[in-house]
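Take a look at the structure below.
We name chains A, B, ... by the order of the sequence lines, and we start the count at 1 in each one.
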Amino acid sequence: MPEGNAVHRTAGILQRELGGRVLSASSPQGRFAAGAELLDGTRLVRSEARGKHLFLGFAPPGAAVGPEDEPPRWLHVHLGLYGTWTLGTGEPPEPVGALRLRLVSLEDGLDDPDEVRWADMRGPTACEVVTPEGVDLIAARLGPDPLLGDDPAPYVERVRGTRTTIAALLMHQDVISGLGNIYRAEALFRARLHPYAPGRDVPAPVLLALWDDVSVLMREAVERGRIVTTDPADRHGPGPKGRGLDHYVYRRAGLPCRICGTPVATAVLEARNLFWCPRCQAA
DNA sequence: GCCATATGGAAAG
DNA sequence: TTTCCCTATGGCA
């Protein structure tokens with residue numbers, strides 16, 4: 001259930017665990033059988049993320065693919081809301097349920113069964129084999145990604161050019177890519193921005209500060225494997241168990257704002273739940 | 001253990 | 001605008 005941070009993290013893990021290896025690919029569920037066949041027996045040579053999209057580059061096992069060479073074939077994955085990767089070492093477990101794709105390392109001469117690596121993927125919204133041009137086509141639909149160190153100018157320009165609310169725009173992947181519902185709510189709170197402010201009314205320096213803020217937060221989350229947006233000084237007081245102190249307003253409807261105590265407000269915007277503090281984020 | 005909910009987006013209608 | 005994908009988590013019994 002990833003926002004951009006989790007996708008970038010997964011890309012790194014897959015690169016580390018399976019990168020450079022020849023893999024078997026299968027679709028126990030059957031729904032990706034044709035695609036898996038195209039990848040079966042090829043080598044994973046690249047693992048990259050852009051926004052919430054994951055791209056795995058594959059090349060024939062014998063081909064010399066250097067850092068500059070473009071893999072001829074890519075697996076494009078978008079996990080959507082339910083999708084998930086599960087990785088492991090050793091003998092992969094018997095496939096259970098709707099297993100869309102299984103990748104298993106196939107190195108000749110490996111005696112140690114623990115050196116077998118596998119990766120299972122379930123429930124993705126998108127899972128397809130595409131050409132390099134196909135990758136470009138998908139990337140062209142995406143706005144700048146804070147985790148890639150992109151130039152934020154196009155994002156600022158898009159936001160400043162419309163009356164659409166800032167809360168809606170932060171979720172539009174063609175405006176800024178990688179943010180999801182948690183970062184939307186938390187970044188707006190940290191900026192003390194009202195979610196319904198029209199994009200054109202938000203000053204460019206404020207938009208740039210928000211960009212810088214999520215860049216740092218998301219980078220931390222890639223390392224940590226978990227989204228924490230509260231500053232340490234604000235991480236106090238009674239709260240739900242577990243991750244209850246990680247956020248300022250996300251999923252805290254009706255609970256007191258960590259800063260001012262006002263009950264956190266909620267509304268549905270473009271079919272997604274929105275959370276904000278009506279006092280700290282005054283109109 | 002059961003049940004409601006959801007960090008998303010594409011396809012269908 | 002609604003439906004689908006069909007997993008994982010957290011709260012509660």
- Judged by atom type as modelled, is there a donor-acceptor pair below 3.5 Å linking the side chain of A/Glu17 to the main-chain atoms of A/Gln15? no
- Message: Distance check needed: B/dT7 C1' versus A/Arg251 CZ, whole Å only.
- Response: 10 Å
- Query: Checking A/Thr42 side chain against A/Pro60 main chain: does a donor-acceptor pair fall under 3.5 Å?
  - Reply: no
- Message: Without decimals, in angstroms, what is the distance between A/Met171 CE and B/dG9 C1'?
- Response: 10 Å
- Measure the distance from CD1 on A/Ile176 to P on B/dT7 and round it to the nearest whole Å. 18 Å
- Message: Can you tell me if A/Arg272 touches the phosphate of B/dG9, counting only side-chain N or O atoms and a distance under 4.0 Å to OP1 or OP2?
- Response: no
- Residue A/Ile182, side-chain heavy atoms: nucleotide from C/dC5, B/dT7, C/dA8 that is nearest: B/dT7
- NA contact type, A/Asn5, heavy-atom cut-off 4.0 Å: base, sugar-phosphate, or nothing? nothing
- Item | Heavy-atom check, side chain of A/Leu87 versus side chain of A/Thr10, under 4.5 Å | no
- Message: From C-beta outward on A/Ala98, which listed nucleotide comes closest to its side chain: C/dT7, B/dG9, B/dT7?
- Response: C/dT7
- Message: Any side-chain N or O of A/Lys52 below 4.0 angstrom from OP1/OP2 of B/dT7?
- Response: no
- Message: Just N and O in the side chain of A/Arg100: are any of them under 4.0 Å from OP1 or OP2 of C/dC6?
- Response: yes
- Message: Which label fits A/Phe189 and A/Tyr248: parallel for a plane angle under 30°, tilted from 30 to 60°, or perpendicular past 60°?
- Response: parallel
- Task: Measure from CD1 on A/Ile227 to P on B/dT7 and round the result to the nearest Å.
- Result: 10 Å
- Query: Do any of residues 126-144 of chain A sit with a heavy atom less than 4.0 Å from DNA chain B, and if so which?
  - Reply: A/Arg141
- Message: Quick check on C/dC5: is either OP1 or OP2 less than 4.0 Å from any side-chain nitrogen or oxygen of A/Gln29?
- Response: no
- Task: Applying side chain to side chain contact (heavy atoms under 4.5 Å, CB included), run through A/Tyr183 and A/Ile227 and close with a yes or a no.
- Result: CA-CA 9 Å; A/Tyr183 283 116; A/Ile227 298 175; 3.5 Å; yes
- Item | First encountered from the 5' end of DNA chain C, between A/Thr86 and A/Ala271 | A/Ala271
- Query: How many Å lie between CG on A/Leu81 and P on B/dA6, as a whole number?
  - Reply: 9 Å
- Message: Any side-chain N or O of A/Thr125 below 4.0 angstrom from OP1/OP2 of B/dG8?
- Response: no
- Item | Separation of atom CZ in A/Arg252 from atom P in C/dG11, rounded to whole Å | 12 Å
- Task: Would you mind classifying the nucleic acid contact of A/Tyr250 as base, sugar-phosphate or nothing, using non-hydrogen atoms under 4.0 angstrom?
- Result: sugar-phosphate
- Task: Round to a whole Å and report the spacing from CG of A/Leu79 to P of B/dG8.
- Result: 11 Å
- Take atom P in B/dA10 and the same atom in C/dA8, then report the distance between them in whole Å. 22 Å
- Message: What's A/Arg184 touching, base or sugar-phosphate or nothing? Going by heavy atoms closer than 4.0 Å.
- Response: nothing
- Cut-off 3.5 Å, side chains only: do A/His172 and A/Glu270 have a donor facing an acceptor? yes
- Whole-Å gap separating P (B/dG9) and CG (A/Asn181): 11 Å
- Could you name each residue pair satisfying salt bridge (charged side-chain N to carboxylate O under 4.0 Å, His left out) that touches residues 181-198 of chain A, not counting sequence neighbours? A/Arg190-A/Asp213, A/Arg190-A/Asp231
When the side chains of residues 276-283 of chain A are checked against the rest of the protein, which donor-acceptor pairs come out under 3.5 Å, sequence neighbours left out?
residue, atom, partner, partner atom, Å
A/Gln281, OE1, A/Cys277, N, 2.8
A/Gln281, NE2, A/Leu188, O, 3.4
A/Gln281, NE2, A/Leu193, O, 2.8

